[in-house]
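To keep things clear, I will list the structure first and then write my remarks on it.
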Amino acid sequence: MTDGTANGAVNGATGRGVSALRLTVVVGEQEVWHHRPLYAEIVHRARAAGLAGASVFRGIEGFGTTSVIHTQRLLSLSEELPVAVVAVDAADRIRGFLPQLDELLADGGLVTLDPCEMFVYQGRPDPAAGGEGGRG
């Protein structure tokens, strides 16, 4: 559904949606890679690889291959909550990043790839700040 602008912007996005791939990596919160949280290492490598962006989401409850439920409930002592690192970019860039995960996830983890459509929203120029914008 377009918003009626001449450039075909969809729901306020600049331009049309492009085909993309969503990478989701699920690991345990306490997993480390050379004294750094594993999720942080994945984000830093994604940035170094030039991916469009990556975000980390902390789960409040989950279980993995052991079927042990980990939760953040008050009476639980679990510190091994699930963490998901999500990145979206062109399929070739995401697939090019996968060999790095082979190294990082040698001790386990879950990786999913989902086709998606990506819309890039850009901030409006801020006349008072000389052009680059944000919300206002």
- prompt: Is the number of heavy atoms from other residues, nucleotides or ligands within 6.0 Å of CG (Asp107) greater than 12?
  reply: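 Atom CG in Asp107 is not crowded, with 12 or fewer foreign heavy atoms closer than 6.0 Å.
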
Beyond-backbone contact of Leu105 with Leu38, side-chain heavy atoms, under 4.5 angstrom: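 Leu105 vs Leu38: side chains touch.
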
query: At their closest point, which heavy atom of Leu21 faces which heavy atom of Ile94, and how far apart are they?
result: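 The answer is O-CG1, 3.6 Å.
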
message: Give me the atom names and distance for the closest heavy-atom approach of Ala49 to Phe97.
response: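 It is CB-CD1, 3.8 Å.
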
message: According to side-chain contact (heavy atoms from CB on, under 4.5 Å), who are the partners of Val32, at least two apart in sequence or on a separate chain?
response: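 Not a single residue meets the side-chain contact (heavy atoms from CB on, under 4.5 Å) criterion with Val32.
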
- request: Could you tell me which residues satisfy side-chain contact (heavy atoms from CB on, under 4.5 Å) with Thr112, sequence neighbours excluded, listed by chain and number?
  value: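 Residues passing side-chain contact (heavy atoms from CB on, under 4.5 Å) with Thr112: Thr24, Leu110, Asp114.
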
Extract all donor-acceptor atom pairs below 3.5 Å that involve side chains of residues 81-89 and protein atoms in other chains or at least two apart in sequence.
{"unit_1": "Asp89", "atom_1": "OD2", "unit_2": "Ala52", "atom_2": "N", "d": "2.7"}
{"unit_1": "Asp89", "atom_1": "OD2", "unit_2": "Arg93", "atom_2": "NE", "d": "3.2"}

message: Once rounded to the nearest 0.5 Å, what's the spacing between atom CH2 of Trp33 and atom CD of Glu103?
response: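 Taking CH2 in Trp33 and CD in Glu103, the distance rounds to 4.0 Å.
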
- prompt: Among the clusters formed by ILVMFWY side chains lying less than 4.5 Å apart, do Leu51 and Val18 turn up in the same one?
  reply: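 No.
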
message: Between Leu113 and Val43, is there shared hydrophobic-cluster membership here, with clusters defined by ILVMFWY side-chain heavy atoms closer than 4.5 Å?
response: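 Result: yes, single cluster for both.
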
query: Do Glu31 side-chain atoms and Gly28 backbone N/O form a donor-acceptor pair below 3.5 Å?
result: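 Flag set: sc Glu31 to bb Gly28 pair under 3.5 Å.
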
task: With side chain to side chain contact (heavy atoms under 4.5 Å, CB included) as the test, would you mind laying out the steps for Leu98 and Leu23 before giving the verdict?
output: CA-CA 9 Å; Leu98 293 178; Leu23 165 72; 4.0 Å; yes

query: How would you list, by chain and number, every residue that makes a side-chain hydrogen bond (donor to acceptor under 3.5 Å, both in side chains) with Glu41, sequence neighbours excluded?
result: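 Once residues adjacent in sequence are excluded, the partners of Glu41 under the side-chain hydrogen bond (donor to acceptor under 3.5 Å, both in side chains) criterion are Arg36, Arg45.
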
